[in-house]
Amino acid sequence: NAGVMQNPRHLVRRRGQEARLRCSPMKGHSHVYWYRQLPEEGLKFMVYLQKENIIDESGMPKERFSAEFPKEGPSILRIQQVVRGDSAAYFCASSPGTASEAFFGQGTRLTVV
Amino acid sequence: TQLLEQSPQFLSIQEGENLTVYCNSSSVFSSLQWYRQEPGEGPVLLVTVVTGGEVKKLKRLTFQFGDARKDSSLHITAAQTGDTGLYLCALSPGNTGKLIFGQGTTLQVKP
């Protein structure tokens, strides 16, 4: 049973480009959470999704950021027109239910140059 | 305002020493989780504490939940270089499963 898979592991984008981060949850997990981590800091919640639904996006910036978790395929975190401040590690976690342990992927490290 | 305050922020010790890190809040929480995150990896759950006054042991790690359920501590006995990492406490408000993390304690254990 593979763990949470995130790709790419490292992503470099120029200012103004789009970044697409992918997360494949563990088998049987229908709950996906995205977090952002700046250097030497803890993780900040961004968005919580279930299949085809956004449940809680209270941590998402209002502009340029969007997330989806389609019926088929991985969850996608999309950042449009990236700026240097978007440089961070983005982690995805999945769980089979809200009261269950969430398992984290290895993260995608986004660098905006 | 940080919901969870962790201290110290950084800790550098020699192998074999003992250490304690803390996680505090002004609010009461129903449960608290401790994670360890190694460089380049995602956080891994170490333990969940639920009951006020609870003590849980995981090999050389001892976790304590305060009686008032507003604070928690992690004590490591005879630290090893493999204990190096970022230690995070987190709580899960409501019933959504999302986690609110403290800013973490970065631990470096030198040989």
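Sequence lines set the chain letters: A, B, ... in the order given, protein chains first and strands last, and positions in each chain run from 1.
- No side-chain donor-acceptor contact under 3.5 Å links Gln106(A) and Gln6(A).
- Side-chain polar atoms of Gln80(A) and Gln17(A) form no donor-acceptor pair below 3.5 angstrom.
- Neither the backbone nor the side chain of Ile55(A) comes within less than 4.5 Å of any heavy atom in chain B.
- In this structure, a donor-acceptor pair under 3.5 Å is present between the side chains of Lys98(B) and Ser58(A).
- No side-chain donor from either of His75(B) and Thr62(B) sits under 3.5 Å from a side-chain acceptor of the other.
- Note on Leu45(B), Leu88(B), Thr48(B): by heavy-atom pairs under 4.5 Å with chain A, the leading option is Leu45(B).
- If you measure heavy-atom distances from Gln33(B) to chain A, you find no contacts under 4.5 Å at all.
- Heavy atoms of Tyr35(A) lying under 4.5 Å from chain B belong exclusively to its side chain.
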